[in-house]
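Labels below follow one simple rule: chain letters A, B, ... track the order of the sequence lines, proteins then strands, and each chain is numbered from 1. Just so we're clear, the structure is a prediction, and the values are computed from it rather than from any experiment. As a basis for the values below, the full set of heavy atoms in this structure was taken, side chains included, without hydrogen atoms, waters or symmetry mates.
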Amino acid sequence: MREGYPFSDIEKKWQRFWAEKEFFKVQPHSPKPKFYLLEMFPYPSGKIHMGHVRNYTIGDVLARYKVMKKFNVLHPMGFDAFGQPAENAAIKNNTDPRTWTIKCIDDMRQELKRMGFSYDWSREVSTCLPDYYKWNQWIFLKMFEKGLAYKKKTNVNWCPDCQTTLANEEVIDGKCWRCKNEVVQKNLEQWFLKITDYKERLLEDLAQLEEWPERVITMQKNWLGRSEGVEIYFKLKDSREIITVFTTRADTIFGSTYIVLAPEHPQAKKIIQDKPQEKEVLKFIDRVSEKARNIRDSAEVKKEGIFSGSFAINPVNNEEIPIWIADYVLMEYGTGAIMAVPAHDQRDFSFAKENNLPIRVVIQPLNSSLQPDDLTEAYEGDGRQVNSARFDKLPNQEAKIKIAQWMEKINIGKRQCCWRLRDWLISRQRFWGTPIPIVYCDGCGIVPVPEDDLPVELPAKAPFTGKGGSPLGKVESFVQTTCPRCQAQARRETDTMTTFFDSSWYFLRYCSPDFKDSPFNKKESAYWMMVDQYIGGIEHAVLHLLYSRFFTKFLKDLGLVSFDEPFQRLLTQGMVLKDGEVMSKSKGNTVDPDGIINEFGADTLRLYMLFAAPPEDQMEWSEQGSVGAHRFLNRVWRMLDALYQWVECKSVSKEKDRDRENRELLKRKTHETIKKVTEDIESFKFNTAISSIMELVNEFYRLADKIRNIGPLQETVKTVVILLCPFIPHLAEEMWKRMKNEPSIFNQPWPDYDDGAIKEEEILVVIQVNGKVRSHITVPVDINEEDLKTQALANDRIRQWIEGKEAKKVIVVPGKLVNIVT
RNA sequence: GCCGGAGUGGCGGAACUGGAAGACGCGCCGGAUUCAAAAUCCGGUGGGGCUUAAACCCCGUGAGGGUUCGACCCCCUCCUCCGGCACCA
């Protein structure tokens, strides 16, 4: 079998050491600068997977590095412990979600400990505990108080498989983000949070997030979806009714030949009253409304529409234009009504062609003249205005502004911003979540549970089957209550909160996990926040990261925090792949971290995870690669033997006359490596940090028996161990101890490099002829340009290349190269 | 369709952001050690050419063009892959 260092004993030993010494417990009142490092907490499934291992290993390297850099590091861990899987598992295994979840948390904590992560476990947080979810309810009540939590009946996303409603953010391509099943629309009364009240701040403050990946910023911008335009008011021909449309293309208003309302538009039914086509139109509206949203959403599906029988007056030219009702206009966006400009909007164009509606060109491209009859598609580009009265001949971009200003002035329009973001639906028809602290009283209506009565605790048992309504609704002892206001018989809200509510503020709870008086201790959070570095998966680019930003701003408005944003710096780590595909149980291509730990140890697993790819990139799992990492660790381990043997035999090599040179070589490499590793850790280039340490180890073995004095060798081994310790903490502690040093190695300061040791006296300079390398020379570092040039030209090989030609130009890059152009 | 990101050996990935492309690791080949194997160690390893050998030469970072003394890196066009948004008015 494989022989090598006794990783199993070593890892257990040092894990025990850290635990007994409470080594990573946060020291309060430290004069050191603080550093709050956070990784997205896991859902406690009971087993960690490679994605967790990668995420948390990346974090742990940074945590341990910062400890050695003498920061006061907060590095907590907890569990996002509410959620459907517990409920489903409980149904399946005939147990209850609480028991199941607690067991999973225990198992998972053990697994995390086996990886040797440097968490302060005394601050562990589990969202399913009343101590925690009490504060979810508290925050909800504050939102309710401010009018930010409200109930409304509307069309909502419903996942038939999960048997619950979903937020817009949880619907990906018309499918449930969790189970990937088709989402349908249901008309239900649900609780929403008015995240839209914060849309401007959510957008503006993205500018503060300079250390977030551009990708995430873009995704959030897209999701918020701000677009500038104009609301235009169209009077009806034969009533006092006004229809408001929204457009981003005010420049095309003179080309509007009809108006379209969404089928659900509240005015639709009004304008068809007493019209001959009333019945037919109503039938159309009913039919179209039933079309599944995702079918209607698709651009490929044919658009249907019907003439309403009414006409509107275009306020800019008093033209009568017909009003249509069509399914290509969505009630959810803008005003649910548009002015159609077939000449300059492809959707309007297709619809106009289909229904024989007129087309009028109002923007001519610079080098051609469009005729309505010749058009085969809409012209959506820029040009000059035509058929636009006093705005004719203006470039359309200029006209866009002028027309908007003019419409505002004469009160036929108003500049507006339209957003894509909708309010956040937080009700879930599931058991295993935070009860929404609301009571329904026949007399008083919707009544919030008083703060003093919190938490509204989940009952110990509920008849959950996974189908058919909120399980809490079937627990009479839970439902039946008295109205906090009038003491009459009342009923509790039976929906629970989405778990994204729980995770929107957990980073604050870590600052004071046992605090009893409010969600968190203001003083503590003021000290620790913002999170200096947050690490997690890209899948939360919008969901969790948007919600947390929203909560932070809300808490700021409450006066509980003084900052706008929760996360200073964000790293989104790449996924772990196997055979080119994401590891997943359904694909059956998972690799169990436990197995790797048993076979090679946690240090090997950690090292390989970090070495195989940069943190942000996807990473392909390779069995061979992990073997290679293990081989390297054995090689590191044997450096101790090498030192021992050196003392034992002192083998005399004939190269010992180059002792001084070799010593300098090793010293230089050692200090170069310190420099490189330090820079690389700071910029998350762990893979190259490790490869440079590998180089140093190679150099050590190459020179080990060519150096007379053991001192420099010991120095190098010591440096290797220190540089490696954030990556492979167990082995590093063990070697540190064996080198007769006092544990823990993490009490050591991170080493500085010696500039003097790195400095070279002579350097290699490349000589090119016409950009091709033809020779190289070794010269003193401080050689001046003239001398370098002379030496280059005098070089034998170079003389051959430029023989018979004239050096027209010589480019000298100091310290690097000389290029001779002939 | 729009907006991002990426394309480098057999593989994972390097290359101070314009200065010797392929560091480091995996794999493979050869050698040492061994009764043999495992483990370990040493050497080689982009393609082609030339040579007894070394030296050396040519080609090479998705394709094609350009800027530059010099391009994986900057600019233009195109192809492929990945991600986001998309009937958003």
Colleague: Expressed as a whole number of Å, how far does the P atom of C57(B) sit from that of A21(B)?
Modeller: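 Roughly 12 Å separates the two P atoms.
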
Colleague: A89(B) phosphate, OP1 or OP2: any side-chain N/O from Ser227(A) under 4.0 angstrom?
Modeller: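 For A89(B), OP1 or OP2 has a side-chain N or O of Ser227(A) closer than 4.0 Å.
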
Colleague: How long is the line joining CZ of Arg226(A) and P of C3(B), in whole Å?
Modeller: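 To the nearest whole Å, that distance equals 20 Å.
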
Colleague: Counting only side-chain nitrogens and oxygens, does Arg635(A) get under 4.0 Å of the OP1 or OP2 atom of C41(B)?
Modeller: yes

Colleague: Could you give the distance separating C74(B) and G18(B) at their P atoms, to the nearest angstrom?
Modeller: 8 Å

Colleague: Tell me whether the OP1 or OP2 atom of G27(B) has a side-chain N or O from Gln624(A) closer than 4.0 Å.
Modeller: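 Checking Gln624(A) against G27(B): at least one side-chain N or O falls below 4.0 Å of OP1 or OP2.
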
Colleague: In this structure, how many angstroms lie between the P atom of G25(B) and the CG atom of Leu724(A), rounded?
Modeller: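 Interatomic distance, CG of Leu724(A) to P of G25(B): 13 Å.
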
Colleague: From CD1 of Ile217(A) over to P of C85(B), roughly how many Å is that when rounded to an integer?
Modeller: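 Ile217(A) atom CD1 is separated from C85(B) atom P by 16 Å.
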
Colleague: If I pick the P atom on G4(B) and the same atom on C56(B), what distance separates them, to the nearest angstrom?
Modeller: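 These two P atoms come out 46 Å apart once rounded.
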
Colleague: Between C28(B) and C11(B), how many Å separate the two P atoms, rounded to a whole number?
Modeller: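 Result for the P pair: 15 Å, nearest Å.
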
Colleague: Is the shortest distance from a Lys or Arg side-chain nitrogen in Glu672(A) or Lys675(A) to a carboxylate oxygen in the other one below 4.0 Å?
Modeller: no

Colleague: Around Glu210(A), counting heavy atoms of other residues, nucleotides and ligands shown, do more than 12 lie under 6.0 Å from its CD?
Modeller: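 No - once you tally the heavy atoms of other residues, nucleotides and ligands closer than 6.0 Å, there are 12 at most.
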
Colleague: Rounded to the nearest angstrom, tell me the gap between atom CD in Glu539(A) and atom C1' in C82(B).
Modeller: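 After rounding, the gap between these two atoms is 16 Å.
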
Colleague: Taking all non-hydrogen atoms of both residues into account, name the closest pair between Pro342(A) and Ala378(A) and its distance.
Modeller: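 Closest approach of Pro342(A) to Ala378(A): O-CB, 3.6 Å.
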
Colleague: State the syn/anti category of U77(B) according to its glycosidic angle, syn meaning within 90° of 0.
Modeller: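 This nucleotide is in anti.
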
Colleague: Does Gln768(A) get its side chain close enough to the base of G19(B), under 3.5 Å, for a donor-acceptor pair?
Modeller: yes

Colleague: Lys772(A) has a side chain; which of C88(B), A23(B), C58(B) sits nearest to it?
Modeller: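 When the side chain of Lys772(A) is considered, C58(B) is the closest of C88(B), A23(B), C58(B).
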
Colleague: Could you tell me whether G12(B) is syn or anti, where syn means a glycosidic angle within 90 degrees of zero?
Modeller: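 Base orientation relative to the sugar is anti.
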
Colleague: Can you find a donor-acceptor pair, distance only, under 3.5 Å between Asn819(A) side chain and C69(B) base?
Modeller: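 It does, because a donor-acceptor pair links the side chain of Asn819(A) to the base of C69(B) below 3.5 Å.
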
Colleague: Do Lys759(A) and Asp755(A) sit within salt-bridge range, that is, some charged N less than 4.0 Å from a carboxylate O?
Modeller: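 Asp755(A) and Lys759(A): not salt-bridged.
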
Colleague: Would you say a side-chain N or O of Arg797(A) is under 4.0 Å from OP1 or OP2 of C57(B)?
Modeller: yes

Colleague: When you look for runs of 3 or more Watson-Crick or G-U pairs in a row, both distances below 3.5 Å, which of them include RNA chain B?
Modeller: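 Only these stems qualify: B:1-7 with B:79-85, B:10-12 with B:24-26, B:27-32 with B:40-45, B:46-49 with B:56-59, B:62-66 with B:74-78.
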
Colleague: Which of these nucleotides, C57(B), G84(B), C87(B), is closest to any side-chain atom of Arg347(A)?
Modeller: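 So the side chain of Arg347(A) is nearest to C87(B).
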
Colleague: Using the salt bridge (Lys or Arg N to Asp or Glu O under 4.0 Å) rule, take Lys669(A) and Glu695(A) through it: C-alpha gap first, then chi angles, then the decisive distance, then the call.
Modeller: CA-CA 9 Å; Lys669(A) 187 72 184 173; Glu695(A) 284 182 53; 3.0 Å; yes

Colleague: Is there a donor-acceptor pair closer than 3.5 Å between any side-chain N or O of Arg360(A) and the backbone N or O of Phe254(A)?
Modeller: yes

Colleague: In whole angstrom, give the distance that lies between atom CE of Met639(A) and atom P of C41(B).
Modeller: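 Taking CE of Met639(A) and P of C41(B), I get 12 Å after rounding.
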
Colleague: For nucleotides A38(B) and G30(B), find the distance between their P atoms and express it as a whole number of Å.
Modeller: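 13 Å, rounded to whole Å.
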
Colleague: Write down the distance between CD (Glu332(A)) and C1' (C85(B)), rounded to a whole number of angstrom.
Modeller: 17 Å

Colleague: Can Arg226(A) and Glu200(A) be counted as an ion pair, charged N to O under 4.0 angstrom?
Modeller: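 No, no charged N to carboxylate O under 4.0 Å.
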
Colleague: Whether Arg774(A) contacts A20(B) is assessed here as follows: a side-chain N or O lying under 4.0 Å from the phosphate OP1 or OP2. Is that the case?
Modeller: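 No, no such contact exists.
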
Colleague: Between Leu764(A) (CG) and G19(B) (P), how many Å, whole number?
Modeller: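 My rounded result for the distance is 16 Å.
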
Colleague: On RNA chain B, nearest-nucleotide positions of Met219(A) versus Cys418(A): which is more 5'?
Modeller: Met219(A)

Colleague: For a quick test of reading the model: is some side-chain N or O of Arg631(A) closer than 4.0 Å to OP1 or OP2 of A38(B)?
Modeller: no

Colleague: Which of the following nucleotides, C69(B), G19(B), C57(B), is nearest to the side chain of Val813(A)?
Modeller: G19(B)

Colleague: Which part of the nucleic acid, if any, lies within contact of Gly628(A), taking any heavy atom under 4.0 Å across all strands shown: a base, the sugar-phosphate backbone alone, or nothing?
Modeller: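 The residue Gly628(A) makes sugar-phosphate contact but no base contact.
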
Colleague: Check this for me: does any side-chain nitrogen of one of Arg668(A) and Glu760(A) sit under 4.0 Å from a carboxylate oxygen of the other?
Modeller: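 Looking at Glu760(A) together with Arg668(A), the answer is yes, because their closest N to O distance falls below 4.0 Å.
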
Colleague: Taking atom CD of Gln618(A) and atom CE of Met575(A), what is their separation to the nearest 0.5 Å?
Modeller: 5.0 Å

Colleague: Verify the distance criterion only: is there a donor paired with an acceptor across the side chains of Arg549(A) and Gln220(A) at less than 3.5 Å?
Modeller: yes

Colleague: Can you find a side chain N or O atom of Arg638(A) that sits less than 4.0 Å from OP1 or OP2 on C41(B)?
Modeller: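 Indeed, a polar side-chain atom of Arg638(A) lies that close.
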
Colleague: Set out, in order, the CA-CA distance, both residues' side-chain angles and the distance that settles side chain to side chain donor-acceptor pair (under 3.5 Å) for Asp423(A) and Thr196(A), then state yes or no.
Modeller: CA-CA 6 Å; Asp423(A) 277 343; Thr196(A) 50; 2.6 Å; yes

Colleague: Can you build the contact string for nucleotides 7-18 of chain B? Use B for base contact, S for sugar-phosphate-only contact, and - for no protein heavy atom under 4.0 Å.
Modeller: -----BSSSB--

Colleague: With the threshold set at 4.0 Å, does a side-chain nitrogen-carboxylate oxygen contact exist between Arg415(A) and Glu228(A)?
Modeller: no

Colleague: Let me know the distance between CH2 of Trp621(A) and C1' of C26(B), rounded to the nearest Å.
Modeller: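 For the pair Trp621(A) CH2 and C26(B) C1', the rounded distance is 13 Å.
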
Colleague: When the C1' atoms of U17(B) and G25(B) are considered, how many whole Å apart are they?
Modeller: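 U17(B) and G25(B) have their C1' atoms separated by 25 Å.
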
Colleague: Quote, to the nearest angstrom, the P distance that separates C72(B) from C59(B).
Modeller: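 Comparing P positions in C72(B) and C59(B) gives a spacing of 13 Å.
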
Colleague: Closest nucleotide of RNA chain B for Ile338(A) versus for Asn770(A): which of these residues is on the 5' side?
Modeller: Asn770(A)

Colleague: Please report the distance separating the P of C3(B) from the corresponding atom of A14(B), rounded so that it comes out in whole Å.
Modeller: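 It comes out at 28 Å once rounded to the nearest Å.
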
Colleague: Taking only the side-chain heavy atoms of Val773(A) (C-beta and beyond), determine which of C57(B), A20(B), C88(B) contains the nearest atom.
Modeller: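 Among the listed nucleotides, the one closest to the side chain of Val773(A) is A20(B).
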
